Every structure is written in C-alpha cells, then in structure tokens.
Amino acid sequence: MRPLSALAALALFASCSGGSSEPVASADGRQDMLVIASQSDIGTLTPGVSESAADSYVMGMINYPLVDSGFDCSLKKLPGIATDWSWNEDGTVLSMTLRDDITFSDGHPLTAEDIAFTYDVVRDPIVASPRVSYVERMVEGKDPLVIDDTHIEWHFTQAYDRDTQMAHASAVPIMPKHIMESADRASLRGHDYSRNPMSTGPWKLASHDPNVRVVMEPNENFTGPAEDQTKLKRVVFQILPEYNTRLLKLESGEVDLMESILVSDADELRKNHPEINLVQRGYRSNDYVGWNMQKPMFQDVRVRRALAHATNVEDIMSKLLTGEDGTAYARRSVSTITPELCGVHNDDITPLAFNQEEARRLFAEAGWTDSNNDGILDKDGQDFEFTLTTNTGNKRRAQAAVFIQSHLAEVGVKVNIEQLESNTFFENLRLKNYEAALAGWSAGLFVDPSTIWHSDVTCEEGDADCTPRKYEFNFVSYSNPRADELMDRGLNTPIPEEAAPIWQELQQVIYEDQPYMFLWWQNEIVGVHERFQNTEIDVLSPYGHLEHWSVPTDQVKY
C-alpha cells in the first residue's frame, strides 16, 4: 500500500465529514488535521512492555496520564488522573487522590485497581518489562496499596529523590484490569490488545495500516476535563522510513510536521519555506555506538577506549550538526543523563580526544596488531572486523556510520555497515543480536540510570531474599559492581542536592569503562507548518499535548 498522499489524506478526511472537500469545522468545533512524518511504525501499545519512541507517543495520546509533567531543569508535577498527592514525613509513602470520572473507552471506570494491576504486571518476571526497575524500591503488594477506588498509597523501601519516585509511580500507562486480567503474561507483546487498545485519554486509535499509517481520532467517550477535548479532527502518522521522503513531503505540504531535521536541511528550509516553523527542542536525544560486550573483541576496556580515540567525533559534529552560520546544534556526550538536568549532569568529564597514536598504542597493548601487514589489525588469527548496525530512515546516523567506518579504517579496524528496519533493529538490541550498534536514546527527564546500566540480577536456588531482575535496556551487557553500588545509593538518597554528586561519580565511572562510544547530544530541530497554534514542542515532546493544538478557521487545510 502506498503512503498517504495529500490527496488521499484529503479524501480520508472528507469521507469522515460528509464527503465535502471544503475545509469546514465539524458540529463539535473540531477542524483540520495534523499529518506527522514518522520514521518508524508502532510496535506494541500494551502498557508495561512498549519500547519504542513511536509507541510512547501514541500511548501518550490514548492514555490520560496519572500525573502530567512540565519541565524546567527538572520535572514539574501537574494533575492528571491524580488530583493531589503528598508524602509522609520520612518520604517512604506517597499518597494519591484520583479522579472519579475517567473511564476506559468501553465505559468501564478507571480505578485504583487498574493502577495496581498494571504495576503487578510490570513486577512480574514472566513479563520481562523493560520498566521493572520502577518497582525495585517499592514494597511488593503495596506498589500501590489500594485504599479505595480513588485513593492509593505507594510504599517505598526507602526514601529517594521525589521526582524519580513520582516518575516511577506514574510513568507507566494504565492497563484495564477487566480486559487484561486473563491475558497470558508471557506473550503480552503480541497480545491483541496492542492492536485495539482501550483509551482513557482524548484520542483513540482509529486505524493502523502496518508500515503505512497510524490514524488517531478524538475519543468520543473521553470523560476527562473539558479543556483537554481535542481541537483537531484527526492526527495521522505517515510511516516514512526514508529521511529524504519525509523531507520532500514536508516541503511539498503533504506532511505538516517532521522531527530530527538535519542541520543542512534546516538551513535550506529557512531560505525556501518560511511557512515551516523550525523549533529547537533542547538536549533530549543522543547518539552513541554500543559495543556488545558479549562479543570477545569488545570485552577489553583498552579496546573500547582505543575505538573512541580513533574516532574524530568533533569532526563529524562539524559536518553533520553545525549550521552554515556556524551555529552548533549539538554538544559532546559523556553519559546518558541529559545536560538539561541542571546540577545532575557531570560537566567536568573531559571527552576522550581524537588521538590515533593513542588508539594504536591501546590496541597493541590489548594484543591487536597488524601482524601480516594487510592493513587490518589481528589477534590470534582473527581480524579486527565487525558489523556496525543502525536503523533505516535516520540520515544523520547513516552519515555518521560512514564517517566512523572511515576513521576506524585509518587505524586498521574494518567496519561493515548494516541498516535494518527500526523495529527489527531495536528488537535485535534487546535480544543482543548484534556486534556494534549506532543508536540513540530519548533521555529520561528524571534520574534513574539503572534501566540502561544496572547489571542483571540472578538468584541462587533457594535464596528467598533475592528478586531476579533483567534490565532489558542494558543492550551492551554492561556490568560494574561500583556502578551498581552508586545507582543503588543514588536511588536511595532522597535529597537531590545530596544525590547529585553520586550521579556525577556514576557518570565518570561509566565513561571510564566506555561501554558506549558516547557521541553527542543533539538539539533536535522539528519543523511544523505555521497554521498550527498552541503547539508544544520542547524537551518533553516533539508534539506534546496534541489535544490543545488548533488551526484558525481561515487557515484550515483539510
């Protein structure tokens, strides 16, 4: 099936509004639609097991948040399903009062029981939820404790940073217990619910043509606040894996919004398409090369540091992430904690410098030399050759992969480049079915590095005090007892000012180990057509609170 063209989009809109091709408001006042160019399709919309950014954005539309968020150096907590909250004196119990008027789209009330059920699913080791770390510091059976339909308590094993506590207690969309209670937890990722999810928010999933489009429409059964009723008639995510296709459709007006615009293309858009507003989101997204440390060649820290010294990251940034006027749209990365978290990010870490001689010295020290003079390092009869995998549709990463390949070739490392469809790529990361991966994170805005960096926890048979844990986002199999200790201590420190030095030391420890080749944080550029008003494009989201977006009547397109 071909991607949705502007004409087809107009026809789709007209078919749901009486067949007229004229831009008119519906009886409820909703008008126009937003067409978003999406790099990848959704994977699963089942709460607790979703993994991709595409999943998160759609789930954020269909699920009313337990606690909403703002951001200014740290997360700001705003009412959602929870109308108010408070901690006990020692910070180990978080009490919430819930709205009594939020229902699932089948009319079933959302209550405290649904929240408790959702977190029971997250805790269940059979599920292998990537968010299992959220419940690690909660008391089992009281995560949360249901008081009644509209009151819950979250009991923590110890006090820790309240922003992180609140995020742990509210970041997982709520699952309908009455629908999912009988589901096989071992196969939640493929459950039918993902294709027909219940909605508690202002939007619903209207249709999904895999690898073509996702269509969102107003949830006619939304029972939340009137100010959160949608102003647009429809949001369409066009699945367009190729970057150049997304850009051409933005320029032609076939799509209204595009994320992750390359700096060089932003320069051209400013000149030729003044109708497209270009907005910088801040440092939310990073790129890195992850070394699969289950592979013997990447297990020696000297090798990983040599690979970093051999790559001229500053040169790549100057070519890919600097505007024609000299404006830098990125900064070197030294950790997965975003610089937007003021006072927590370690600004004192000096990135490893481009130094090919030091790279060669470290390789040789680790036993990798060019013993047969063929230009490729070898050891015990094995060439230093690996495949660097990245996801299709991300032109910046595709270009960066070529630069990395070239830089490493200069010191005798042979790199083969492979591009995979996004969902396959991320599934391979989760399964550790790769050698090296050029990937990235949309960073969390609360501090919990354990989801990425904590060692998996296994238990001896008969150890009743041990809870097994598998950290699904630890794609590189990183394990350092000192890092584990710092994460545990940081998450058990309730006062942010006291926790900050712990997090800064953790960043230093991980950076010294180089499980990633840390590349950069990019100040992502989002392009959106100027007819849209009340837009929210910031470090929280490239299209936040879409229910508030609107188009003046005299500018309606569809």
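For the single chain, residues carry numbers from 1 onward in sequence order. What you see is a predicted model; the values in this text were computed from it and never measured.
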Engineer: What do you reckon, are the aromatic ring centroids of Tyr471 and Trp453 less than 6.0 Å apart?
Structural biologist: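 Centroid distance Tyr471-Trp453: not below 6.0 Å, so no.
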Engineer: Say whether Thr164 and Asp448, considering side chains only, have a donor N or O and an acceptor N or O under 3.5 Å apart.
Structural biologist: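 On atom types as modelled, these side chains do not qualify, holding no pair under 3.5 Å.
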Engineer: Measuring only between side-chain heavy atoms, which start at C-beta, is Trp154 closer than 4.5 Å to Tyr119?
Structural biologist: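 They are in contact (side-chain heavy atoms under 4.5 Å apart), so the answer is yes.
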Engineer: For the residue pair Thr311 and Leu408, establish whether any side-chain heavy-atom pair is separated by less than 4.5 Å.
Structural biologist: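 Thr311 reaches Leu408 side chain to side chain.
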Engineer: Do any N or O atoms from the side chain of Thr493 and from the backbone of Glu498 form a donor-acceptor pair under 3.5 angstrom?
Structural biologist: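 The answer is no, because no donor-acceptor pair under 3.5 Å joins these two groups.
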Engineer: Go through Trp520 and Leu321 one step at a time and tell me if the side chain to side chain contact (heavy atoms under 4.5 Å, CB included) criterion holds.
Structural biologist: CA-CA 10 Å; Trp520 47 69; Leu321 292 159; 3.7 Å; yes
Engineer: Is it true that Arg396 and Asp287 have a side-chain N and a carboxylate O under 4.0 angstrom from each other?
Structural biologist: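 Looking at Asp287 together with Arg396, the answer is yes, because their closest N to O distance falls below 4.0 Å.
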Engineer: Between the main-chain N or O of Val49 and the side-chain N or O of Arg131, is there a donor-acceptor pair closer than 3.5 Å?
Structural biologist: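 Absent.
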Engineer: Answer yes if the side chains of Gln522 and Ser285 hold a donor-acceptor pair under 3.5 Å, and no otherwise.
Structural biologist: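 Gln522 vs Ser285: no donor-acceptor pair found between side chains.
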Engineer: If you count the non-hydrogen atoms of other residues, nucleotides and ligands that lie under 6.0 Å from CD in Glu140, is the total more than 12?
Structural biologist: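 Not buried by this count: 12 neighbours or fewer within 6.0 Å.
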Engineer: Are the side chain of Asp538 and the backbone of Ser541 linked by a donor-acceptor contact shorter than 3.5 Å?
Structural biologist: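 Pair found, side chain donor or acceptor close to backbone of Ser541.
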Engineer: Look at the side chain of Gln356 and the backbone N and O of Ala310, then say whether any donor-acceptor pair between them is shorter than 3.5 Å.
Structural biologist: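 The answer is no, because no donor-acceptor pair under 3.5 Å joins these two groups.
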Engineer: Out of curiosity, Ile452 CD1 to Thr336 OG1, how far, rounded to the nearest 0.5 Å?
Structural biologist: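 Answer for the CD1-OG1 pair, Ile452 versus Thr336, is 4.0 Å.
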Engineer: Less than 4.0 Å between a side-chain N and a carboxylate O, is that true for Glu357 and Arg361?
Structural biologist: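 Salt bridge between Arg361 and Glu357, a charged N being under 4.0 Å from a carboxylate O: no.
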Engineer: Can you tell whether the side chains of Arg482 and Glu505 come within less than 4.0 Å, N to carboxylate O?
Structural biologist: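 Counted as a salt bridge, because a side-chain N and a carboxylate O are separated by less than 4.0 Å.
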Engineer: What closest approach, in Å, do Val313 and Leu519 show between heavy atoms, and which atom pair accounts for it?
Structural biologist: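 Taking every non-hydrogen atom into account, CG1-O, 3.7 Å.
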Engineer: If you look at every heavy atom in Ser422 and Ser40, which pair is closest and at what distance?
Structural biologist: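 Closest heavy-atom pair between Ser422 and Ser40: CB-CB, 3.4 Å.
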Engineer: Please say whether more than 12 non-hydrogen atoms of neighbouring residues, nucleotides or ligands are located less than 6.0 Å from NZ in Lys142.
Structural biologist: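 Check fails, neighbour count at 12 or below.
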Engineer: Spell out, as yes or no, whether a donor-acceptor pair under 3.5 Å connects the side chain of Asn391 to the backbone of Leu420.
Structural biologist: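 Flag not set: sc Asn391 to bb Leu420 has no pair under 3.5 Å.
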Engineer: So does Glu314 pair up with Arg332, basic N to acidic O under 4.0 Å?
Structural biologist: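 Judged by the 4.0 Å cut-off on N to carboxylate O distance, Glu314 and Arg332 do form a salt bridge.
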Engineer: Answer with yes or no whether the side chains of His155 and Asp143 bring together a donor and an acceptor at under 3.5 Å.
Structural biologist: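 Judged by distance alone, the side chains do not pair up.
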Engineer: State whether a side-chain donor-acceptor pair under 3.5 Å links Glu259 with Tyr543.
Structural biologist: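 Glu259 vs Tyr543: donor-acceptor pair found between side chains.
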Engineer: Do Phe403 and Leu320 touch side chain to side chain, with heavy atoms closer than 4.5 Å?
Structural biologist: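 In contact.
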Engineer: Is it the case that Asn346 and Tyr511 place a side-chain donor and acceptor less than 3.5 Å from each other?
Structural biologist: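 Side-chain D/A pair, Asn346 to Tyr511: absent.
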Engineer: Any donor and acceptor pair, going by atom type alone, linking the side chain of Arg246 with main-chain N or O of Ala37 inside 3.5 Å?
Structural biologist: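 The answer is no, because no donor-acceptor pair under 3.5 Å joins these two groups.
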Engineer: Assess the residue pair Ser38 and Val214 against the criterion (side chain to side chain contact (heavy atoms under 4.5 Å, CB included)); give the C-alpha distance rounded to whole Å, side-chain angles, the decisive distance to 0.1 Å, and a yes or no.
Structural biologist: CA-CA 9 Å; Ser38 182; Val214 178; over 6 Å; no
Engineer: Pairing donors with acceptors under 3.5 angstrom, does anything connect the side chains of Glu435 and Asn292?
Structural biologist: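 There is no such pair (donor and acceptor under 3.5 Å, judged by atom type) between the side chains of Glu435 and Asn292.
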Engineer: Give the minimum heavy-atom separation between Val67 and Leu78, together with the two atoms involved.
Structural biologist: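 Nearest pair, atom of Val67 first, then Leu78: CG1-O, 3.4 Å.
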Engineer: Any donor-acceptor pair under 3.5 Å linking the side chain of Thr392 with the backbone of Gln419?
Structural biologist: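 No.
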Engineer: Where do Ile36 and Gln238 land on the side chain to side chain contact (heavy atoms under 4.5 Å, CB included) test, with the steps shown first?
Structural biologist: CA-CA 6 Å; Ile36 297 172; Gln238 280 197 45; over 6 Å; no
Engineer: If we count only N and O atoms by modelled type, under 3.5 Å, do the side chains of Glu524 and Ser260 hold a donor and an acceptor together?
Structural biologist: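 Yes - a donor-acceptor pair under 3.5 Å links their side chains.
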Engineer: What I want to find out is whether Asp315 reaches Lys319 closely enough, with some N-O distance under 4.0 Å, to be called a salt bridge.
Structural biologist: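 A salt bridge links Asp315 with Lys319.
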Engineer: Can you tell me how far the CG atom of Asn394 sits from the CD atom of Gln399, to the nearest 0.5 Å?
Structural biologist: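 Asn394 atom CG to Gln399 atom CD measures 9.5 Å (nearest 0.5 Å).
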Engineer: Taking the side chain as every heavy atom from C-beta outward, state whether Leu278 and Ile261 have any pair of such atoms under 4.5 Å apart.
Structural biologist: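 When only atoms from C-beta onward are counted, Ile261 and Leu278 do touch, with a gap below 4.5 Å.
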Engineer: Between Asn480 and Asp513, is any side-chain donor less than 3.5 angstrom from a side-chain acceptor?
Structural biologist: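 Yes, Asp513 and Asn480 have a side-chain donor paired with an acceptor closer than 3.5 Å.
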Engineer: If every non-hydrogen atom of Leu250 is compared with every non-hydrogen atom of Met258, which pair is closest and at what distance?
Structural biologist: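 Result for this residue pair: CD2-CB, 4.0 Å.
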Engineer: Do Val447 and Asp161 pass the side chain to side chain contact (heavy atoms under 4.5 Å, CB included) test, and can you show the C-alpha distance, the side-chain angles, and the key distance before you say yes or no?
Structural biologist: CA-CA 8 Å; Val447 188; Asp161 180 83; 5.9 Å; no
Engineer: Please answer whether the main-chain N or O of Trp441 pairs with a side-chain N or O of Asn286 as donor and acceptor at a distance below 3.5 Å.
Structural biologist: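 Between the backbone of Trp441 and the side chain of Asn286 there is a qualifying donor-acceptor contact (under 3.5 Å).
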Engineer: I'd like to know if the side chain of Lys379 and the backbone of Ala364 have a donor-acceptor N/O pair within less than 3.5 Å.
Structural biologist: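 Checked: no pair found.
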Engineer: Looking only at side-chain N and O atoms, does Glu427 offer a donor or acceptor that is under 3.5 Å from a partner on Thr424?
Structural biologist: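 Glu427 and Thr424 do not have a side-chain donor-acceptor pair below 3.5 Å.
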Engineer: So, for Phe384 and Phe363, is the gap between ring centers shorter than 6.0 Å?
Structural biologist: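 Close enough - the centres of the two rings lie under 6.0 Å apart.
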Engineer: Between Asp488 and Arg137, does at least one N-O distance fall below 4.0 Å, as a salt bridge requires?
Structural biologist: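 Looking at Arg137 together with Asp488, the answer is yes, because their closest N to O distance falls below 4.0 Å.
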Engineer: So, Phe386 versus Phe298, ring centres under 6.0 angstrom or not?
Structural biologist: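 When the ring centroids of Phe386 and Phe298 are compared, they turn out to be within the sub-6.0 Å range.
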Engineer: Using every non-hydrogen atom in the two residues, find where Gly343 and Ala500 come nearest and quote the distance to one decimal.
Structural biologist: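 Gly343 and Ala500 have their closest heavy atoms at O-CB, 3.4 Å.
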Engineer: Looking at every non-hydrogen atom in both residues, tell me the closest pair between Ser335 and Gln507 and how far apart they are.
Structural biologist: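 Heavy atoms only, the tightest pair is OG-OE1, 2.9 Å.
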Engineer: Checking the side chain of His345 only, and the main-chain atoms of Thr338 only, is there a donor and an acceptor separated by less than 3.5 Å?
Structural biologist: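 No.
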Engineer: For Ser187 and Asp184, which I'm curious about, is there any donor-acceptor pair between the side chains at under 3.5 Å?
Structural biologist: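 Short answer, yes.
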Engineer: Salt bridge check, Lys76 against Asp163: does any charged N sit closer than 4.0 Å to a carboxylate O?
Structural biologist: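 Not counted as a salt bridge, because no side-chain N and carboxylate O are separated by less than 4.0 Å.
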Engineer: Can you tell me if Asp348 and Gln504 form a side-chain donor-acceptor pair at under 3.5 Å?
Structural biologist: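 Short answer, no.
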Engineer: Check Asp378 with Lys414, please: is the shortest side-chain N to carboxylate O separation under 4.0 Å?
Structural biologist: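 Here Lys414 does not pair with Asp378 in a salt bridge, since their nearest N and O are not under 4.0 Å apart.
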Engineer: So, Tyr160 and His168: side-chain donor and acceptor under 3.5 Å apart, yes or no?
Structural biologist: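 Result is yes, a qualifying pair exists.
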Engineer: Classify the ring geometry of Tyr516 against Tyr288: parallel below 30°, tilted from 30° to 60°, perpendicular beyond 60°.
Structural biologist: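 The arrangement is parallel - the two ring planes meet at less than 30°.
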Engineer: Could you tell me whether Arg331 and Asp347 make a salt bridge, using a distance below 4.0 angstrom between a side-chain N and a carboxylate O?
Structural biologist: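 Yes, this pair counts.
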Engineer: Report yes or no: do Trp87 and Gln165 form a side-chain donor-acceptor pair below 3.5 Å?
Structural biologist: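 Per modelled atom types, Trp87 and Gln165 side chains form a pair under 3.5 Å.
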